[in-house]
Amino acid sequence: MKIVIAGAGIGGLTAALAFSQLGHAVTLLESAAEIDDVGAGIQISPNALKVLDALGVGEGVRRAAFRPHALEMRMGRSGREVFTVSITDAATTDWGAAYLHLHRPDLIAALLEKARSAAAIRIVLGQRVTGFSQSPESIAVRCADGTVIDADLLVGADGIRSAVREQMLGKQQPNFTGNAAWRLVVPTESLGDYAPPPTACVWVGAGRHAVTYRLRGGALSNFVGVVEQSDWTHESWTDRGTKAQALADFAGWHPTIETMITKAREHYRWALFDREPLPYWSEGRAVLLGDACHPTLPFLAQGAAMAIEDGFILAQEVSARDEAGLPDALSAYFDRRIARVSAVQRGSRANMGRFHRKNRLSQLATYGPMHIAGRLMPGAILHQMNWLYRYDATGATGATGTPDATGR
Ligand SMILES: Cc1cc2nc3c(=O)[nH]c(=O)nc-3n(C[C@H](O)[C@H](O)[C@H](O)COP(=O)(O)OP(=O)(O)OC[C@H]3O[C@@H](n4cnc5c(N)ncnc54)[C@H](O)[C@@H]3O)c2cc1C
């Protein structure tokens, strides 16, 4: 089939590789003049890495990654440990792949290198998709410069403000959560004694939390700091912020946090959005994936992982039938994905509440049991991630995980 994909982000690139591997011709249209990504970190969990392996980018990703040895939670101001749980080799074996940290541009570069070497993928930069019209036989994809491309299937991988979704379901703003996320990356050597631990570490405090981890074999350190920003209005959503504002947001926090903010050269602040699950993801020959249909809060670090799984499963379902079976393929794709992504959306929201305990009493009630569980049953904390991490969209490892949080 002739597949047009709108958006060459993590989801669009993954889908392009999956479709081309299964013998389809792909045109990937990206509105930006260059494909790169913000200098921030991303956690790639085992469920996503299994897909990247199946697409032949796992090795490139591993070369660029950092592998943390533990999950940790600490109090933001004092740095006191709530729990530390080792990510053992046994856990990694059970999940079926490693848990990695990457610099986002490194992940994009690994996907892009593979896509550029695939004869069946044509990448067009600076080409913004504005809409589509379709008949039962084909779909015509319209671009901002007047170009029209005929295809058998249009995949909207065009992110949270998707033009493809807008045409399908009308213009609806995603919900602003009242939170903004600071994101910065800093060379680890510049931090001296205040380098963050070589773990995935969540620092918790009243109305805010931070996550620190290492990238690029440890050479870079990443900081994501989430702060309540309920006074923000539509106009402030694109306000990128300054170092002074980041320091003010985390004033009095542990020197690791303050030093990371001080030493970073660039400070970005992002408004965080959420959206209720959509009733459908396709209309005729147009279909959505990733943030275009399920923007996910970052509190389970699964937004990109879900886009990666989506792209692979969509290509599998489409390829399992001939063109006449396209409506069934798109229904099967939705049915295989909706329970899992909805559970991730709910789990992310619940984690946001857990991390942002306001007063001492609710902090004690939340972090106290976590502290005890970390000491007495560290395996139980890792076990909670099994439904997410064991899942294998490729089926190559026998799909030991479950598609949703109920364990079904
Ligand atoms: C603070 C923060 C931390 C996060 N951390 C993690 C993490 O650790 N792990 C994880 O798995 N996820 C994480 N996420 C989520 C993750 O970043 C997103 O879910 C993921 O990038 C979505 O990928 P996507 O391809 O669907 O969309 P996007 O990455 O938004 O890509 C969309 C692409 O489409 C292009 N585009 C837009 N409109 C058009 C158009 N009309 N025509 C053509 N091209 C278009 C854009 O330029 C872009 O390249 C985090 C998110 C945030 C905010």
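Just so we're clear, the structure is a prediction, and the values are computed from it rather than from any experiment. Remember, it's 1-based here, ligands and their atoms both numbered in the order they're listed.
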Is [X] in polar range of ligand 1, meaning some N or O pair under 3.5 Å apart?
X      : value
Glu30  : yes
Arg104 : yes
Gln43  : yes
Leu272 : no
Asp291 : yes
Val129 : yes
Ala304 : yes
Ala307 : no
Ala292 : no

Protein contact to [atom] [nearest heavy atom, distance to 0.1 Å]:
atom                    : answer
atom 31 (O) of ligand 1 : Gly9 CA, 3.5 Å
atom 36 (N) of ligand 1 : Ser31 OG, 3.5 Å
atom 50 (C) of ligand 1 : Pro298 CB, 4.0 Å
atom 34 (O) of ligand 1 : Gly7 CA, 3.2 Å

Are Gln302 and Asn47 close enough that a side-chain donor and a side-chain acceptor fall under 3.5 Å?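 Yes, because at least one side-chain N or O of Gln302 sits under 3.5 Å from a partner of the opposite role on Asn47.
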Compute the minimum heavy-atom distance from [X] to ligand 1 and say whether it is under 4.0 Å.
X      : result
Val164 : no
Arg161 : no
Ile42  : yes
Met306 : no

Please list, in number order, the atoms of ligand 1 under 4.0 Å from a heavy atom of Leu29.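 Matching atoms, with element in brackets: 43 (C), 44 (N).
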With atoms numbered from 1 as shown, which atoms in ligand 1 lie under 4.0 angstrom from a non-hydrogen atom of Gly159?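 In order of numbering, the contacting atoms are 27 (O), 30 (O), 32 (C).
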Quick one: which of Leu288, Val344, Asp158, Thr14 has a heavy atom closest to atom 37 (C) of ligand 1?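 Among Leu288, Val344, Asp158, Thr14, the closest heavy atom to atom 37 (C) of ligand 1 comes from Asp158.
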With the threshold set at 4.0 Å, does a side-chain nitrogen-carboxylate oxygen contact exist between Arg336 and Glu317?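 A salt bridge is present here (some side-chain N lies under 4.0 Å from a carboxylate O).
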Between CD1 of Ile261 and CG of Asp249, what distance do you get to the nearest 0.5 Å?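 Interatomic distance, Ile261 CD1 to Asp249 CG, rounded to 0.5 Å: 8.0 Å.
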Is the cationic atom of Arg74 (NZ for Lys, CZ for Arg) positioned less than 6.0 Å from the six-membered ring centroid of Trp203 and within 45 degrees of its normal?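 Because its charged atom sits under 6.0 Å from the ring centre and within 45° of the axis, Arg74 does stack over Trp203.
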